Participant: 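Structure in structure tokens, see below.
What you are looking at is a predicted structure, and each value in this text was computed from that prediction instead of being measured. In what follows, chains carry the letters A, B, and so on, assigned in the order in which the sequence lines appear, proteins first and then strands, with residues in each chain numbered from 1.
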Number of protein chains: 2
Amino acid sequence: MKTDLRVLKTKDALHESLLSLLKERALESISITEICKAAKINRGTFYQHYGKVEDLFEEYFKEIMKDLAESYQAPYKYVERIETTKLNPATIRIFHHIEKFKKFYFIVFSKNVPLAYYYLLFDEIHVLMKEDFIAHQKIDKDVAVDMLSAYQSNAILGMVIEWYRQDFNKSAAEMNEQLVAILNLRLGG
Amino acid sequence: MKTDLRVLKTKDALHESLLSLLKERALESISITEICKAAKINRGTFYQHYGKVEDLFEEYFKEIMKDLAESYQAPYKYVERIETTKLNPATIRIFHHIEKFKKFYFIVFSKNVPLAYYYLLFDEIHVLMKEDFIAHQKIDKDVAVDMLSAYQSNAILGMVIEWYRQDFNKSAAEMNEQLVAILNLRLGG
DNA sequence: AATTTTATTATACAGTTGTTCAATAAAATT
DNA sequence: AATTTTATTGAACAACTGTATAATAAAATT
């Protein structure tokens, strides 16, 4: 036995309600009362599953994260050639994933949203990076793997922030080119 | 004429009230009503200056940012030797600054806090990086300066996140060593 | 020092939040 | 199909939010 059908029904209704409200207004302006009214779910039931609006959104977020992870199941599927540098296939799909869910990431990177979402994204990329470092023995004895992958994954996210601030008006392909160019610089000395 | 004395008095009282509450409880659990009661300021007055608790905190944040900026006025003051790499003095002071305001950054990096604070920190470092790139002509024609400095500054913040998650149980000096080691890797191919 | 300007206060109101409880209805188990 | 388990409901409560108003007090200007 897994999950009660009533719970599934409730959560589905709440998800759909939030998503339809998000099409019209910003996340921080949407109240719990409002979501429940639209979903025809008792407010007390909301509190049985979540603590705040953001927790409900986070559940939706995890669905999107699945897409990010799935992109890496068939790694070289979308990549034609990697000539300029040893860019791992995980990295090379991140910008495409963001581009695909542009609308969603406009919310994730907005100022008033809790840092928790950023961390969810960071952790997802962090893990992929780390796996790649270990798989390809790119490890230097003086550098802690966690530090290096934290450095690298957040660097990518730095580019995404910049991209977001320019209203995502670059293609994912252009972003990859920029990344390749940056990686080919010898940043240390 | 600059600012009304009454406004200064009000803001001082609110600042002090928030800080003393923060010593006992988490930011997200502190209500406006509570802050005002402790500060002996009318709640309506709070709304004349701020919209939410976080706005008040942000004002305090900007004070801390001044310290970060000031660290760079006398750049080599604290640096004994930079041998292993061309680490710019701005970069080398960031970890020390964070260490100095450890308590404060425990709030800034906590999950429930709005992304806005992260951006304030990011922008501060971003600007310092950018200035350094331009001053030292480290620019490659294929790389947009904004992208590069976004990449680099957020990479540093990635290390800070990792540091924070390890409860800041490394010294700022150790963090600098890690950074030097990472920069000396040739990340691109 | 008198006058003007403006920040702060006290009060009030409708809406949201977070929590609790007994009653009910729906699902799982036998 | 009958019974047990448990999610959902509806109602109520105190506290907080966000906003508006007239009265007051404090600061700035003349």
Side-chain angles (χ1 to χ4, degrees), chain A residues 1-60 62 107 110-117, chain B residues 1-60 62 107 110-117:
Chain A
M1 188 218 64
K2 223 29 186 317
T3 23
D4 198 307
L5 290 177
R6 289 168 294 185
V7 176
L8 291 178
K9 195 204 71 184
T10 297
K11 289 195 167 187
D12 274 358
L14 289 173
H15 281 145
E16 210 169 311
S17 172
L18 175 60
L19 286 212
S20 92
L21 285 167
L22 274 175
K23 280 172 191 156
E24 288 169 358
R25 297 193 283 99
L27 184 67
E28 71 264 23
S29 79
I30 298 169
S31 73
I32 292 171
T33 303
E34 196 172 12
I35 294 169
C36 293
K37 211 166 276 175
K40 292 191 178 73
I41 295 294
N42 191 276
R43 202 162 53 83
T45 307
F46 179 97
Y47 283 108
Q48 189 138 33
H49 299 295
Y50 314 99
K52 46 189 191 313
V53 179
E54 283 78 10
D55 297 338
L56 176 60
F57 183 76
E58 188 168 320
E59 213 167 53
Y60 173 51
K62 282 173 183 163
I107 299 170
S110 65
K111 286 176 85 171
N112 297 313
V113 125
L115 196 50
Y117 308 151
Chain B
M1 187 221 63
K2 227 16 185 333
T3 23
D4 198 308
L5 289 178
R6 289 169 295 185
V7 176
L8 292 177
K9 194 204 71 182
T10 297
K11 290 194 167 189
D12 274 358
L14 289 173
H15 281 146
E16 209 169 312
S17 172
L18 175 60
L19 287 212
S20 92
L21 285 168
L22 274 176
K23 280 171 192 158
E24 288 169 357
R25 298 195 282 99
L27 183 66
E28 70 264 24
S29 78
I30 298 169
S31 72
I32 292 170
T33 303
E34 197 173 11
I35 295 169
C36 293
K37 210 166 279 175
K40 292 191 177 74
I41 295 293
N42 190 276
R43 202 162 53 85
T45 307
F46 179 97
Y47 283 107
Q48 188 137 35
H49 299 294
Y50 314 98
K52 47 189 188 317
V53 178
E54 283 79 9
D55 296 338
L56 176 61
F57 183 75
E58 188 168 321
E59 214 168 53
Y60 173 51
K62 281 173 184 163
I107 300 169
S110 66
K111 286 176 87 172
N112 297 314
V113 125
L115 196 50
Y117 308 150

Participant: What's the closest nucleotide to the side chain of A/Tyr47 if the choices are C/dA7, D/dT8, C/dT17?
Facilitator: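 Taking heavy atoms from C-beta onward, the closest nucleotide is C/dT17.
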Participant: Do other residues, nucleotides or ligands put more than 12 heavy atoms under 6.0 Å from the CD atom of B/Glu16?
Facilitator: no
Participant: Within the structure shown, what part of the strands sits under 4.0 Å from A/Thr45 by heavy-atom distance: base, sugar-phosphate, or nothing?
Facilitator: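 Since a base atom lies under 4.0 Å of A/Thr45, the category is base.
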Participant: Find which nucleotide of DNA chain D each of B/Lys37 and B/Gly44 is nearest to by heavy atoms, and output the residue with the more 5' nucleotide.
Facilitator: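 First, find each residue's nearest nucleotide; the 5'-ward one identifies B/Lys37.
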Participant: Between B/Thr33 and D/dT17, is there a side-chain N or O to OP1/OP2 distance below 4.0 Å?
Facilitator: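 Yes.
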Participant: Between atom CG in B/Leu5 and atom C1' in C/dT5, what is the gap in whole Å?
Facilitator: 14 Å
Participant: Just to be sure I understand the rule, does B/Lys40 reach a base, reach only the sugar-phosphate, or reach nothing, if contact means heavy atoms closer than 4.0 Å?
Facilitator: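 Contact class for B/Lys40: sugar-phosphate only.
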Participant: Could you state the atom-to-atom distance from CD of B/Glu28 to C1' of C/dT17 in whole Å?
Facilitator: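 Taking atom C1' of C/dT17 as the reference, CD of B/Glu28 is at 15 Å.
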Participant: Want to settle it: does A/Lys11 or B/Lys52 sit nearer the 5' end of DNA chain D, counting the closest nucleotide to each?
Facilitator: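 Mapping each residue to its closest nucleotide by heavy atoms, the 5'-most match is A/Lys11.
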Participant: Nearest whole angstrom, please: distance from the P of C/dT16 to the CZ of A/Phe46.
Facilitator: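 Those two atoms, CZ and P, are 14 Å apart.
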Participant: Just name whichever nucleotide pairs with D/dT9, Watson-Crick or G-U, keeping both distances under 3.5 Å, else none.
Facilitator: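 Paired with D/dT9, as far as the under-3.5 Å criterion goes, is C/dA22.
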Participant: Distance criterion of 3.5 Å, no angle test: do you see the side chain of B/Arg6 paired donor-to-acceptor with the base of D/dA27?
Facilitator: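 Counting by modelled atom types and ignoring angles, no donor-acceptor contact under 3.5 Å is found here.
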Participant: Determine the minimum heavy-atom distance between B/Glu54 and B/Leu27, stating which atoms define it.
Facilitator: CG-CD2, 4.4 Å
Participant: Using atom CD of B/Gln48 as one end and atom P of D/dA25 as the other, report the distance to the nearest whole Å.
Facilitator: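 Result: 18 Å.
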Participant: Kindly say whether, by distance alone, the side chain of A/Asp4 makes a donor-acceptor pair under 3.5 Å with the base of C/dA27?
Facilitator: no
Participant: Is the distance from OP1 or OP2 of C/dA7 to the nearest side-chain N or O of B/Thr10 less than 4.0 Å?
Facilitator: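 No, B/Thr10 has no side-chain N/O under 4.0 Å of OP1/OP2 on C/dA7.
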Participant: Between NZ of A/Lys52 and CG of B/Asn112, what distance do you get to the nearest 0.5 Å?
Facilitator: 4.5 Å
Participant: Can you tell me how far P of D/dC16 sits from CD1 of A/Ile32, to the nearest Å?
Facilitator: 17 Å
Participant: Tell me: CD1 of B/Ile35 to P of D/dA15, nearest whole Å?
Facilitator: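 Interatomic distance, CD1 of B/Ile35 to P of D/dA15: 18 Å.
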Participant: Please lay out, stage by stage, how B/Glu58 and B/Tyr50 fare under the test side chain to side chain donor-acceptor pair (under 3.5 Å).
Facilitator: CA-CA 10 Å; B/Glu58 188 168 321; B/Tyr50 314 98; over 6 Å; no
Participant: Would you say B/His49 reaches C/dA7's phosphate, i.e. side-chain N/O to OP1/OP2 under 4.0 Å?
Facilitator: no
Participant: Given that B/Arg43 and B/Lys9 both sit by DNA chain C, which one's nearest nucleotide is further toward the 5' end?
Facilitator: B/Lys9
Participant: Quick one: B/Asp12 CG to C/dT8 C1', roughly how many Å, whole number?
Facilitator: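 Whole-Å distance recorded here is 16 Å.
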